[in-house]
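All remarks here apply to the structure that follows.
Residue numbers run from 1 in the order of the sequence given.
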Amino acid sequence: MTSRSCPCGLSQAYEACCGRYHRAAAAAPTAEALMRSRYCAFVKGDAGYLLRTWHPRTRPGTLELDPRMRWTGLEILDTSDGSAFHSAGTVEFRASYRGGSLHERSRFERVDGAWVYVDGEFVP
């Protein structure tokens with residue numbers, strides 16, 4: 001990843017990639033795009049975006065992010081549904097951080113036309 005590329009792993013610059021979702025200039029068009037933008041929000045420490053893109057049914061009241069956490073990369077392992085033609089989707093990913101990684105299968109749904117994170121299960 002170059003210093004100009006988005007932390008989500010795509011080659012576009014942050015502002016043209018996940019930054020536009022964080023600024024609410026656009027909505028993530030797929031579950032995978034939302035997953036990438038949420039990872040990027042963890043990297044940037046944007047708890048507000050994470051809460052806004054969390055399903056109202058499962059959203060916590062508050063979210064405290066650890067400012068010492070250093071995320072180092074995202075790998076999308078599998079996707080199921082989650083396109084413009086679906087109302088739900090699943091994204092399996094591995095998010096690396098300094099000292100380890102997190103492997104999760106996340107579920108997403110549309111609420112009022114927008115993709116939101118529902119929940120996830122850790123994969124051993």
Derivation of the side chain to side chain donor-acceptor pair (under 3.5 Å) call for His55 and Thr58: CA-CA 6 Å; His55 198 293; Thr58 58; 5.0 Å; no
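- Across Ala47 and Leu63, no two heavy atoms sit closer than the pair CB-O, 3.8 Å.
- With values rounded to the nearest 0.5 angstrom, Met69 atom CE is found 5.5 Å from Tyr97 atom OH.
- Atoms CD and NE2, on Glu92 and His103 in that order, are 3.5 Å from each other to the nearest 0.5 Å.
- Using a 4.0 Å cut-off between charged nitrogen and carboxylate oxygen, Arg107 and Glu121 do not count as a salt-bridge pair.
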Residue pair Ser37, Tyr49: steps toward the side chain to side chain donor-acceptor pair (under 3.5 Å) verdict: CA-CA 9 Å; Ser37 72; Tyr49 179 78; 2.7 Å; yes
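- Ion pairing between Arg94 and Glu104 fails under the 4.0 Å rule for side-chain N and carboxylate O.
- Interatomic distance, OG of Ser87 versus CZ of Arg110, reported as 8.0 Å (0.5 Å rounding).
- Asp119 CG to Arg105 CZ: the interatomic distance, rounded to the nearest 0.5 Å, is 12.0 Å.
- Note: the hydrophobic cluster containing Leu10 does not contain Tyr21 (ILVMFWY, side chain heavy atoms under 4.5 Å, direct or indirect links).
- Arg20 places a side-chain N or O within 3.5 Å of a backbone atom of Ala16 that can act as its donor or acceptor partner.
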Full working for ring pair (Phe, Tyr, Trp, His ring centres under 6.0 Å) between Phe108 and Trp115: CA-CA 7 Å; Phe108 298 87; Trp115 285 107; 7.2 Å; no
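- Cation-pi geometry between Arg98 and Trp71 is not met at under 6.0 angstrom from the ring centre and within 45 degrees of the axis.
- Taking hydrophobic clusters as Ile, Leu, Val, Met, Phe, Trp and Tyr residues chained together by side-chain heavy-atom distances below 4.5 Å, Leu77 does not share a cluster with Leu34.
- Annotation: the span from Arg70 atom CZ to Ser96 atom OG amounts to 15.5 Å, rounded to 0.5 Å.
- Taking the ring axis of Tyr14 as reference, the NZ or CZ atom of Lys44 stays within 45° of it and closer than 6.0 Å to the ring centre.
- When all heavy atoms are compared, the tightest approach of Tyr39 to Cys8 is CD2-CA, 4.0 Å.
- At a threshold of 4.5 Å between side-chain heavy atoms, the hydrophobic network of Ile, Leu, Val, Met, Phe, Trp and Tyr places Val123 and Val118 in two separate groups.
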Check against side chain to side chain contact (heavy atoms under 4.5 Å, CB included), Gln12 and Ser5: CA-CA 5 Å; Gln12 292 177 304; Ser5 61; over 6 Å; no
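- A chain of hydrophobic side-chain contacts below 4.5 Å, direct or via other Ile, Leu, Val, Met, Phe, Trp or Tyr residues, connects Leu50 to Val91.
- In this structure, the side chains of Val116 and Arg52 stay at 4.5 Å or more apart for every pair of heavy atoms.
- The distance from the CG atom of Asp81 to the CD atom of Glu109 is 12.0 Å, given to the nearest 0.5 Å.
- Residues Pro7 and Cys18 have side chains not in contact (no heavy-atom distance under 4.5 Å, counting atoms from C-beta outward).
- Using a 4.5 Å heavy-atom cutoff, the side chains of Glu75 and Phe93 are not in contact.
- None of Asp66, Leu74, Leu102, Leu65 except one satisfies the side chain to side chain contact (heavy atoms under 4.5 Å, CB included) rule with Phe42; the exception is Leu65.
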